[in-house]
Amino acid sequence: MSQFMETFDRLRDEKRYAEVIASVPYARLMGVEFGEGDDGELLFSLPFYERNVGNTTLPALHGGLIGGFLENAALLHLMWGRESQEAPKIVDFSLDYLRSGRAQTLYARCEITKQGKRVAHVLIEAWQEDRKKPVAVARAHFLLSAGS
Amino acid sequence: MSHADAANPEVLKAMGELFVSLPHCRTLGFEYLGTVGRKPTLRVQWREDLVGNPATGVVHGGVITSIVDTTSAVSVAANMQDYETIATLDLRIDYLKAATPGKAIYCTAECYRMASQIAFTRAVCYHDSPDDPIAHGVATFMRGSNPKPMLQVEDKP
């Protein structure tokens with residue numbers, strides 16, 4: 001197991017969410033936060049930062065940034081659930097943009113739809129004020145490593 | 001590289017510069033290298049703060065998503081007769097192999113169908129040659145997505 005995964009495991013066991021984000025450089029650059037929601041499931045959030053804007057006239061969050069936030073949420077969701085010995089490798093990622101991401105906090109939730117020995121399928125949903133009005137929905141496949 | 005083959009060279013030049021100047025693209029350090037035919041190329045240098053897996057130093061997939069989205073949008077601009085606002089409808093990325101830590105990533109995109117309301121694009125990300133890709137992306141864009149133009153030449157940022 002890599003040193004990163006050993007550190008990750010320890011931070012997870014102690015629920016040191018902010019330090020988990022700090023250990024993934026691009027997640028830290030985006031400004032991602034996460035924790036357990038009221039139902040005990042992981043809830044990811046991204047407070048609004050001007051550096052994440054992709055349309056200055058609306059203004060709206062950058063579509064690629066929304067993708068990165070969702071992909072990162074799926075990755076951490078899998079790692080949090082001890083689904084892989086090393087960081088899962090993304091195989092493909094498909095994203096539907098439903099509404100523009102406004103200058104507000106963006107939230108995301110993940111659901112592992114299928115967990116095989118080698119591959120996991122994850123659904124991800126992002127919203128802002130109203131969960132019934134998603135900003136984007138995505139799905140991803142990840143390769144897992146069983147380790148030695 | 002030039003803009004001569006674009007549907008409207010002035011629109012492509014302005015939109016190409018606009019798209020890489022957007023705050024998130026500046027954050028990532030995207031550079032617009034130019035367009036051959038109607039295929040634009042962007043570059044992002046490897047940086048420590050763009051890494052997704054600290055154990056390997058491989059760039060986060062989200063950076064690939066952003067450069068595919070942005071380069072694909074520029075490829076739509078290469079087919080625009082006049083300024084218009086576009087919005088990504090959907091995007092799919094196949095991660096063909098891990099990016100090499102320390103190396104710049106290039107993305108070249110093509111709008112292969114410009115329909116009246118929808119634009120269809122495909123893109124590849126690579127280090128040295130598009131024939132040896134890291135990732136492949138397809139996307140669709142809604143044309144005329146907002147009556148408020150993304151760019152008016154007089155108030156360009």
Side-chain angles (χ1 to χ4, degrees), chain A residues 1-8 22-32 49-75 79 86-100 136-143, chain B residues 18-19 21-28 30 47-73 85-98 135-142 145-146 148-152 155-157:
Chain A
M1 191 188 281
S2 65
Q3 195 190 345
F4 166 62
M5 285 305 286
E6 283 175 23
T7 308
F8 185 93
S23 73
V24 181
Y26 185 58
R28 184 176 57 209
L29 181 64
M30 287 189 283
V32 178
Y49 298 105
E50 202 273 338
R51 64 175 184 272
N52 289 337
V53 164
N55 179 323
T56 46
T57 52
L58 287 176
L61 295 171
H62 194 283
L65 173 276
I66 294 173
F69 172 59
L70 296 192
E71 190 182 315
N72 184 69
L75 180 73
M79 289 171 72
E86 285 296 330
K89 286 185 187 150
I90 185 145
V91 178
D92 58 51
F93 182 65
S94 180
L95 179 63
D96 292 325
Y97 294 98
L98 305 172
R99 288 175 180 80
S100 66
V137 291
R139 46 137 288 243
H141 280 113
F142 288 89
L143 268 180
Chain B
L18 169 79
F19 283 133
S21 76
L22 297 169
H24 190 60
C25 299
R26 279 207 311 270
T27 303
L28 297 172
F30 289 174
R47 275 192 352 225
E48 196 281 329
D49 61 352
L50 303 184
V51 165
N53 183 341
T56 58
V58 170
V59 164
H60 198 289
V63 177
I64 304 278
T65 306
S66 278
I67 201 167
V68 166
D69 185 36
T70 307
T71 314
S72 302
T85 304
I86 54 172
T88 321
L89 270 183
D90 71 51
L91 182 64
R92 176 191 159 108
I93 316 264
D94 288 338
Y95 293 93
L96 305 173
K97 61 179 185 183
H136 181 256
V138 291
T140 52
F141 290 82
M142 192 79 209
S145 57
N146 197 300
K148 212 169 162 184
M150 286 179 85
L151 184 139
Q152 287 158 333
D155 67 358
K156 211 168 81 177

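Naming convention: chains lettered A, B, ... in sequence-line order (proteins, then strands); numbering from 1 in each chain.
- Residue B:Ala87 does not touch chain A at all, counting heavy-atom pairs closer than 4.5 Å.
- Of the possible donor and acceptor atoms, one in the side chain of B:Thr27 sits under 3.5 Å from a partner among the backbone N and O of A:Arg51.
- How far CD1 of A:Ile90 is from CD1 of B:Ile93: 9.0 Å, rounded to the nearest 0.5 Å.
- No other option in B:Val51, B:Val68, B:Thr65 has as many heavy-atom pairs under 4.5 Å with chain A as B:Val51.
- For A:Gln3, no part sits under 4.5 Å from any heavy atom of chain B, backbone or side chain.
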Practice task
Go through the steps to decide whether A:Phe93 and B:Leu91 satisfy the test side chain to side chain contact (heavy atoms under 4.5 Å, CB included), and finish with yes or no.
Solution key: CA-CA 8 Å; A:Phe93 182 65; B:Leu91 182 64; over 6 Å; no

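- The distance from the CE atom of A:Met30 to the CG atom of B:Asp49 is 11.5 Å, given to the nearest 0.5 Å.
- Looking at A:Asp92 and B:Arg92, a side-chain N of the basic residue comes within less than 4.0 Å of a carboxylate O on the acidic one, giving a salt bridge.
- The minimum heavy-atom distance between A:Glu50 and B:Pro23, with the atom names listed, is O-CB, 3.2 Å.
- Considering NE2 of B:His60 and CZ of A:Arg28, their distance stands at 12.0 Å, rounded to 0.5 Å.
- The structure places CG of A:Asn55 at 7.5 Å from OG1 of B:Thr85, a figure rounded to the nearest 0.5 Å.
- Comparing B:Ser66, B:Ala98, B:Gly137 by how many heavy-atom pairs each has under 4.5 Å with chain A, the most go to B:Ser66.
- Contact of A:Leu65 with chain B is made through backbone and side chain together, with heavy-atom distances under 4.5 Å.
- Only the backbone of A:Val91 comes within contact range of chain B, judged by heavy atoms closer than 4.5 Å.
- Under the 4.5 Å side-chain criterion, counting only non-hydrogen atoms from C-beta, B:Asp90 is not in contact with A:Ser94.
- For the atom pair CG of B:Leu18 and OG1 of A:Thr57, the computed distance is 8.5 Å after rounding to the nearest 0.5 Å.
- Note on A:Val24, A:Leu70, A:Leu61, A:Thr7: by heavy-atom pairs under 4.5 Å with chain B, the leading option is A:Val24.
- Contact annotation for A:Ser100: neither backbone nor side-chain heavy atoms come within less than 4.5 Å of a heavy atom of chain B.
- Of all the listed residues (B:Leu89, B:Thr56, B:Leu96, B:Leu50), the one sharing the greatest number of non-hydrogen pairs under 4.5 Å with chain A is B:Leu89.
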Exercise for the section: Step by step, work out the side chain to side chain contact (heavy atoms under 4.5 Å, CB included) result for B:Thr70 and A:His62. Expected result: CA-CA 9 Å; B:Thr70 307; A:His62 194 283; 3.2 Å; yes

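- The OH atom of A:Tyr26 lies 10.0 Å from the CZ atom of B:Arg47; values are rounded to the nearest 0.5 Å.
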